[in-house]
Participant: 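I am attaching a structure below and will ask some questions about it afterwards.
All values reported here derive from a predicted model rather than from experimental measurement. Excluded from the calculations below are hydrogen atoms, water molecules and symmetry mates; all remaining heavy atoms, backbone and side chain alike, are included. Order of listing sets the numbers, starting from 1, for every ligand and every atom in it.
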Amino acid sequence: MAKTYSIAIDGPAGAGKSTIARSLAKELGYYYLDTGAIYRTVAYFMDILGVSPKDIDGVQRYIDELTIEIRYDEEGAQHMIMNGMDVTDDIRSQEIGQKASLVSAHAVVRDVLLDMQRDVAKAHNVIMDGRDIGSVVLPKADVKIFLTASAEVRANRRMEELKAKGQKASFNAVLKEIQQRDYQDTHRDVAPLKMCRDSIKLDTSDMTLEQVVESIRKIVLEKIGS
Ligand code: DC
């Protein structure tokens, strides 16, 4: 099999990972895998069943009844299929994001999802974003980026997104949600969010989207060529 290349982009919630990874993947002709969407699908499934994401016994009992499929449409957009049902849009709420953060702390969940993520990288050139891609999922990734920004900047960006959708929220509530997710994602025992020694850190607090994409493009070209 020909060598495949992999680019890992990790970082906290709201750092802009998906937007940047998606745009770069399109340009480079790589697959894009948003791994957060997989954890969100687990959270959504448990939510429908009325299982609390903190309830380790409940999560363990029902996880085998969940089949997750990742499909790509003609435009290359990732779709999450939960037991045959397309839940791509249903999993995007703040509430499911928060529940995904809690459900992802269980080792049983992470173990089930590990091979699914690795299989994508075995078969394709891929840009994967998440929390533990460089540290656990693809420790041999050709390029590892740690994308971050201050919690205030991330909250502001989130406020802009909500405004664009015509939704209202208080800045303090959004900031608090981000800080809580940061805490949960960095303090769990299994595969916590942390920067690897061989990651390149990019603080995007004072950068535009275009500047971030340009910086990562440069890093990728230096490391693996065109
Ligand atoms: O990237 P996101 O906000 O959609 O991710 C939702 C949650 O899923 C995140 O708060 C923690 C968890 N997650 C994870 O534990 N590991 C990953 N590789 C991706 C996401």
Participant: Do the side chains of Arg71 and Ile81 get nearer than 4.5 Å, heavy atoms only?
Facilitator: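 Contact flag for Ile81/Arg71 side chains = yes.
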Participant: Looking at ligand 1, would Arg110 count as a contact under a 4.0 Å heavy-atom criterion?
Facilitator: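 A heavy atom of Arg110 does come that close to ligand 1.
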Participant: Could you state whether Ile200 and Val212 fall into the same hydrophobic cluster, counting links through intermediate Ile, Leu, Val, Met, Phe, Trp or Tyr residues with side-chain heavy atoms under 4.5 angstrom apart?
Facilitator: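 Per the 4.5 Å side-chain linkage, Ile200 and Val212 are co-clustered.
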Participant: Are the side chains of Leu147 and Ile216 in touch, meaning some heavy atoms are under 4.5 Å apart?
Facilitator: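 A side-chain contact exists here, since the closest heavy-atom pair is under 4.5 Å.
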Participant: Look only at interatomic distance and state if Asp34 has a nitrogen or oxygen under 3.5 Å from any nitrogen or oxygen of ligand 1.
Facilitator: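 No, no N or O pair falls under 3.5 Å.
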Participant: Just verifying a value: how many Å separate Thr88 OG1 and Arg40 CZ, rounded to the nearest 0.5 Å?
Facilitator: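 Nearest 0.5 Å value for the OG1-CZ distance: 12.0 Å.
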Participant: For a 4.5 angstrom cut-off between non-hydrogen side-chain atoms, does Asp129 reach Tyr32?
Facilitator: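 Result yes, sub-4.5 Å side-chain heavy-atom pair found.
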Participant: Do Ile70 and His79 have side-chain heavy atoms sitting under 4.5 Å apart?
Facilitator: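 When only atoms from C-beta onward are counted, His79 and Ile70 do not touch, as no gap falls below 4.5 Å.
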Participant: Considering only protein heavy atoms, which is closest to atom 4 (O) of ligand 1, and at what distance to one decimal place?
Facilitator: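 In this structure, atom 4 (O) of ligand 1 has Arg40 NE, 2.7 Å as its nearest protein heavy atom.
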Participant: Salt bridge check: are Arg157 and Glu161 linked by an N-O gap of less than 4.0 Å?
Facilitator: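 Salt bridge between Arg157 and Glu161, a charged N being under 4.0 Å from a carboxylate O: no.
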Participant: In terms of residue, atom name and distance, what is the protein heavy atom nearest to atom 8 (O) of ligand 1?
Facilitator: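 Looking at atom 8 (O) of ligand 1, the protein heavy atom closest to it is Tyr39 CB, 3.5 Å.
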Participant: Considering only the protein, which heavy-atom contact is closest to atom 1 (O) of ligand 1, and what is its distance?
Facilitator: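 Residue, atom and distance for the closest contact: Arg131 NH1, 3.0 Å.
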Participant: To the nearest 0.5 Å, what is the distance between CG on Asp55 and CG on Leu49?
Facilitator: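 Answer rounded to 0.5 Å: 11.5 Å.
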Participant: For atom 12 (C) of ligand 1, what's the nearest protein heavy-atom neighbour? Residue, atom name and distance, please.
Facilitator: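 Among all protein heavy atoms, the one nearest atom 12 (C) of ligand 1 is Ser104 OG, 3.5 Å.
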Participant: Do any nitrogen or oxygen atoms of Thr35 come within less than 3.5 Å of a nitrogen or oxygen of ligand 1?
Facilitator: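 Indeed, backbone or side chain, Thr35 has an N or O that close.
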Participant: Just jot down the ligand 1 atoms closer than 4.0 angstrom to any heavy atom of Gly130, in number order.
Facilitator: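 Numbered from 1, ligand 1 contributes 17 (C), 18 (N), 19 (C).
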Participant: Any N or O of Gln117 that comes nearer than 3.5 Å to an N or O of ligand 1?
Facilitator: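 No, no N or O pair falls under 3.5 Å.
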Participant: Does an N or O from Asp129, backbone or side chain, lie closer than 3.5 Å to an N or O of ligand 1?
Facilitator: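 No; every N/O pair is 3.5 Å or more apart.
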Participant: Could you tell me whether Ser101 approaches ligand 1 through its side chain, its backbone, both or neither, with non-hydrogen atoms closer than 4.0 Å?
Facilitator: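 Both of them.
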Participant: Could you check atom 6 (C) of ligand 1 against the protein and tell me its nearest heavy-atom contact, residue, atom and distance included?
Facilitator: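 It is Arg181 NH1, 3.4 Å.
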Participant: Which is it for Arg188 and ligand 1 at heavy atoms under 4.0 Å: side chain, backbone, both or neither?
Facilitator: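 The answer is the side chain.
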Participant: Quick check with a 6.0 Å cut-off and a 45 degree axis cone: is Lys144 positioned over the face of Phe146's six-membered ring?
Facilitator: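 Ring-cation test returns no.
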Participant: Report, in ascending order of atom number, the atoms of ligand 1 lying under 4.0 Å from any heavy atom of Asp132.
Facilitator: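 Ligand 1 atoms under the 4.0 Å threshold to Asp132: 16 (N), 17 (C), 18 (N).
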